[in-house]
Amino acid sequence: METENKSLNFLEEIITNDIESGKTKLLITRFPPEPNGYLHIGHAKSICLNFGLAIKFNGKCNLRFDDTNPVKEEDEYVLSIKEDVTWLGFEWSKLCYASDYFDQFYEWAVELIENDKAYVDDQSSDEIRKNRGTLTEAGTDSPFRTRSIKENLDLFERMKNGEFDEGFCVLRAKIDMSSSNLNMRDPVIYRILKREHHRTGNKWCIYPMYDFAHGFEDSIEGITHSICTLEFQDHRPLYDWFIDNVSVPSVPRQYEFARLNLTYTLMSKRKLLELVSNNVVTGWDDPRMPTISGFRARGYTPSSIRRFCNEIGVARTESMVEVEFLHHCIREELNKESNRAMAVLRPLKVIIDNWPDNVVDELSAENNPENPEAGTRKLKIGKTIYIEQTDFMEEPVKGFFRLSPGKEVRLKSAYLITCNDVIKDVNGNVTELHCSADMDSRGGEAPDGRRVKGTLHWVWEGDAIKAKINLYDHLFTLRDMSDMEEGKDYTDYLNPNSHILLEEALVEPGLALAKPLEKFQFLRHGYFCADKTTSQYMPVFNLTVSLKDPWGKKQQKR
RNA sequence: UGGGAUAUGGUGCAAUGGCAGCACACCUGACUCUGGAUCAGGCAAUCUAGGUUCGAAUCCUAGUAUCCCAGCCA
């Protein structure tokens with residue numbers, strides 16, 4: 001795995017120092033997702049960071065499910081998360097669940113109560129909110145803040161035993177209602193939730209809150225460096241408070257880094273869930289989704305995503321990475337590794353008039369010019385072929401060097417042809433081209449050495465097969481999805497062309513045998529991978545990323 | 001208007017008191033049986049104002065801008 005590095009990022013520096021000073025004997029990190037949705041590319045950054053650090057410093061990294069809220073969590077998500085982490089190429093040292101520690105959490109909560117550092121509050125959630133104060137005004141103490149330790153112990157036990165309804169009371173840490181850090185204003189640490197938990201079933205009807213649980217989870221697992229995102233910076237004093245006020249087995253430290261933002265991409269689990277439940281996309285693994293499973297279906301490789309995560313770096317500055325950089329990472333890999341194939345997405349019939357009837361020629365084409373070891377394949381050609389509609393212009397614009405009346409082009413790995421005649425339907429649409437081939441140009445080289453600039457991909461009518469092609473583009477039209485206009489939401493920015501299905505595509509016959517997720521470069525188009533539903537009866541391919549296309553870009557600008 | 005953070009080319013990341021560098025993107029050109037790839041070149045940045053210093057992106061002071069925080073979510 002690619003671990004070599006030029007300069008250390010701020011976390012690597014901290015860890016290096018901690019190891020050199022002897023503070024850290026063995027680095028232990030963790031990736032702690034809540035199983036309430038599928039993982040996305042932002043999580044991939046965190047995964048690569050935490051697992052990558054463990055690899056780099058010969059440490060360990062746990063996969064831990066932060067499942068403290070049964071209302072939102074499901075086993076389906078646990079399964080998908082394990083699959084995605086594994087697919088990305090990482091192995092966890094231990095598989096953990098916060099819910100495995102519920103008994104211990106309960107004991108620590110009791111310890112806090114015994115030390116007069118927690119109390120049961122009977123205020124409603126509205127009252128708690130009102131009494132929390134505001135950003136500029138201190139909060140006010142709960143009338144229940146001075147309850148005796150004995151009473152609190154009794155009440156908390158009765159909470160656990162299910163004697164109270166949801167919302168009737170909560171357990172709060174007794175810290176400081178006038179703290180300028182709102183997280184320290186007696187945070188709620190246990191709430192009553194009479195819900196079945198995906199792992200503990202109905203054993204519990206009280207569940208710990210994130211702030212209370214997270215540091216303890218880290219401590220139990222001996223996590224040395226607990227890495228999370230920037231929005232938790234304000235929680236760090238609270239994280240430390242719990243660790244300092246309870247007899248924990250180890251003292252972890254929290255460090256924060258900036259989460260990944262990508263242009264034209266939504267990275268909120270909640271909104272991604274909405275896209276799925278509202279059928280805006282076909283599922284969490286829709287190739288347009290920024291989920292890891294979406295990228296997998298789209299044809300991205302684990303190493304391309306790791307490479308992306310490693311190269312964007314880690315810092316504490318909020319930033320927005322251009323999605324083009326991700327495209328670059330996958331292109332770079334697929335260019336070297338994927339075999340080439342010819343696929344005509346929008347076919348235009350071409351009849352080679354001087355080609356003898358019923359004669360078929362068999363040619364050889366290289367599978368990957370970047371890798372001679374990929375070998376060659378046989379291609380057959382006959383009198384009638386198909387080329388791309390966009391490769392013909394009756395009245396060529398300046399700079400167009402593909403086919404037009406009187407012009408000569410090369411059919412890739414085959415022959416040079418010249419367009420002689422254009423057939424149109426009653427509406428004036430071009431339906432058929434008549435060309436003549438230079439029969440001495442077999443293989444694509446002119447016998448007299450004349451230069452032919454244009455090279456087109458093609459398929460032969462005799463053996464081409466029909467295929468469905470899914471073209472994809474970004475789901476949203478807004479570069480920075482955190483910068484929406486007043487009163488608009490993300491549904492106002494959905495890209496109507498994010499998915500285009502082409503059902504009349506013709507592809508070379510070998511593609512019938514493509515295996516699900518097998519990757520190809522369709523010559524002059526881009527990288528495609530076979531859909532999970534592909535079959536020899538109906539091959540289906542998904543666009544991973546298009547080839548760079550200076551000509552297309554130039555045309556768009558006109 | 002309380003608290004916590006962050007400011008380096010269009011974008012992301014370096015430079016840890018000593019020539020501001022790398023990648024992506026963009027623009028040229030070369031080459032090419034993929035308008036791909038490759039190769040060569042180019043454009044382009046230290047938030048502002050003071051100060052310390054022989055020397056400041058880096059240290060100090062004062063501003064400015066942006067982000068996060070008032071869930072019984074994580």
Side-chain angles (χ1 to χ4, degrees), chain A residues 6-9 13 32-34 36 66-69 71-73 121 123-125 128-130 132-139 166-172 179-185 187-193 206-207 209-211 213-214 228-237 256 258 260 263 269-270 311-329 331-332 335-336 340 342 365-366 369-370 399-402 409-414 416 443-445 452-457 482 521-526 546-554:
Chain A
K6 352 70 189 147
S7 54
L8 299 182
N9 64 45
E13 252 172 49
E34 183 188 12
N36 66 344
D66 211 346
D67 54 352
T68 57
N69 183 359
V71 177
K72 301 201 273 184
E73 295 151 7
D121 193 346
Q123 293 182 105
S124 68
S125 56
I128 288 181
R129 178 165 14 91
K130 280 188 196 114
R132 186 151 29 222
T134 67
L135 294 177
T136 51
E137 300 162 65
E166 280 188 20
F168 183 79
C169 57
V170 292
L171 184 69
R172 290 229 256 169
S179 172
S180 52
N181 181 344
L182 304 221
N183 295 121
M184 302 299 274
R185 319 242 263 229
V188 172
I189 58 183
Y190 261 97
R191 77 285 213 192
I192 299 168
L193 248 28
I206 56 172
Y207 292 91
M209 299 286 288
Y210 168 87
D211 284 310
H214 204 90
C228 62
T229 43
L230 250 27
E231 67 270 27
F232 291 100
Q233 281 175 129
D234 287 346
H235 296 241
R236 190 176 351 120
E256 310 87 12
L260 170 66
T263 55
K269 259 191 193 175
R270 201 197 89 234
E311 293 200 5
I312 55 175
V314 180
R316 276 174 293 203
T317 317
E318 289 262 20
S319 60
M320 171 78 64
V321 175
E322 293 178 330
V323 73
E324 286 76 11
F325 185 62
L326 219 206
H327 295 163
H328 161 78
C329 291
R331 274 196 198 107
E332 183 132 292
N335 174 49
K336 294 190 184 92
R340 274 56 174 170
M342 294 205 277
E366 57 187 348
E370 301 290 321
F400 184 82
F401 52 76
R402 302 174 186 177
V409 295
R410 174 169 31 243
L411 298 176
K412 176 75 179 175
S413 304
L416 300 176
E445 217 66 67
V452 175
K453 194 163 168 67
T455 300
L456 311 186
H457 59 280
S482 68
Q521 184 199 95
F522 287 174
L523 234 50
R524 302 208 300 134
H525 282 301
S546 62
L547 247 26
K548 284 176 121 186
D549 179 18
W551 171 248
K553 190 179 284 181
K554 208 170 169 183

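Letters A, B, ... mirror the listed sequences (proteins, then strands); counts begin at 1.
As judged by a 4.0 angstrom heavy-atom cut-off over every strand, A/Arg132 is placed among residues touching the sugar-phosphate backbone only. Contacts of A/Glu445 with the nucleic acid, taken as non-hydrogen atoms under 4.0 Å apart, include base atoms. When heavy atoms are screened at a 4.0 angstrom cut-off, A/His457 is found touching no nucleic acid atom at all. A/Phe232 comes within contact range of at least one nucleobase, with a heavy-atom separation under 4.0 Å. Within the nucleic acid shown, A/Gly526 has no heavy atom closer than 4.0 Å to any nucleic acid atom. Looking at heavy-atom distances under 4.0 Å, A/Tyr207 makes no contact with the nucleic acid at all. Using a 4.0 Å heavy-atom criterion, one finds that A/Lys269 contacts no nucleic acid atom at all. A/Arg316 comes within contact range of the sugar-phosphate backbone alone, with a heavy-atom separation under 4.0 Å but no base atom that close. Contacts of A/Val188 with the nucleic acid, taken as non-hydrogen atoms under 4.0 Å apart, involve only primed sugar atoms and P, OP1 or OP2. At the heavy-atom level, A/Val314 lies under 4.0 Å from the strands shown only through sugar-phosphate atoms. Within 4.0 Å of A/Glu256, counting heavy atoms only, lies no atom of the nucleic acid at all. Using a 4.0 Å heavy-atom criterion, one finds that A/Pro369 contacts the bases of the nucleic acid, with or without backbone contacts as well. Within 4.0 Å (heavy atoms only), A/Ile128 reaches at least one base atom of the nucleic acid.
Per the stacking criterion (ring centres < 5.5 Å, plane angle < 30°), A/Tyr210 does not stack onto the base of B/A74.
Between the P atoms of B/U53 and B/U58, the separation comes to 16 Å (whole Å). Using C1' as the reference atom, B/A14 and B/U52 are 26 Å apart when rounded to the nearest Å. Spacing of P atoms, B/G12 relative to B/C72, comes out at 34 Å, to the nearest Å. Taking atom P on both B/C47 and B/A57, the two are 10 Å apart, rounded to the nearest angstrom. Comparing the P positions of B/U6 and B/C59 gives an interatomic distance of 12 Å, to the nearest angstrom.
You'll find the side chain of A/Glu34 stays beyond 4.5 Å of the side chain of A/Asp67, heavy atoms only.
Of the candidate nucleotides B/A70, B/C72, B/A25, B/A70 has the atom nearest to the side chain of A/Thr134. Listed nucleotides B/C69, B/C73, B/C72 differ in distance to A/Leu182; the shortest reach to its side chain belongs to B/C69. With B/C24, B/A14, B/G35 as the candidates, the nucleotide lying closest to the side chain of A/Phe400 is B/G35. For A/Asp234, taking side-chain heavy atoms from C-beta onward, the closest of the listed nucleotides B/G36, B/G71, B/G3 is B/G3. Here the nucleotide nearest the side chain of A/Met209, chosen from B/U1, B/G35, B/A74, is B/A74. Here B/C24 is the nucleotide among B/C69, B/C73, B/C24 with the atom lying nearest to any side-chain atom of A/Glu324.
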Give me the distances for all protein-to-nucleotides 17-21 of chain B N/O pairs that come in under 3.5 Å?
none

When you compare the protein's N or O atoms with those of nucleotides 37-41 of chain B, which come within less than 3.5 Å of each other, and at what distance?
from  : atom 1 : to       : atom 2 : distance (Å)
B/A37 : O2'    : A/Asn335 : ND2    : 3.2
B/A37 : O2'    : A/Glu370 : OE1    : 3.3
B/A37 : O2'    : A/Glu370 : OE2    : 3.0

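Phosphate proximity of B/G3 to A/Ser179: absent, as no side-chain N or O sits under 4.0 Å from OP1 or OP2. Checking the phosphate oxygens (OP1, OP2) of B/A74, no side-chain nitrogen or oxygen of A/Arg270 falls inside 4.0 Å. Put simply, A/Arg172 has no side-chain N or O that comes within less than 4.0 Å of OP1 or OP2 on B/G71. Dashed line: the shortest gap from a side-chain N or O of A/Arg191 to OP1 or OP2 of B/A74 is under 4.0 Å.
For the side-chain contact (heavy atoms from CB on, under 4.5 Å) criterion with A/Ser546, the lone passing option out of A/Arg331, A/Arg524, A/His327, A/His525 is A/Arg331.
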Report summary line: Scoring nucleotides 7-12 of chain B by protein non-hydrogen atoms under 4.0 Å (B base, S sugar-phosphate only, - none) yields S--BSS
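Using a 90° window around 0 for the glycosidic torsion, B/G9 falls outside it and is classed as anti.
A/Arg402 contributes a side-chain N or O that forms a donor-acceptor pair with the base of B/G35 under 3.5 Å.
Following rounding to the nearest Å, A/His525 (NE2) and B/U34 (P) show an atom-to-atom distance of 15 Å. Look at CD on A/Gln123: it is 15 Å from C1' on B/G71, rounded to the nearest Å. Distance A/Ile192 CD1 to B/C72 P: 14 Å, rounded to the nearest Å.
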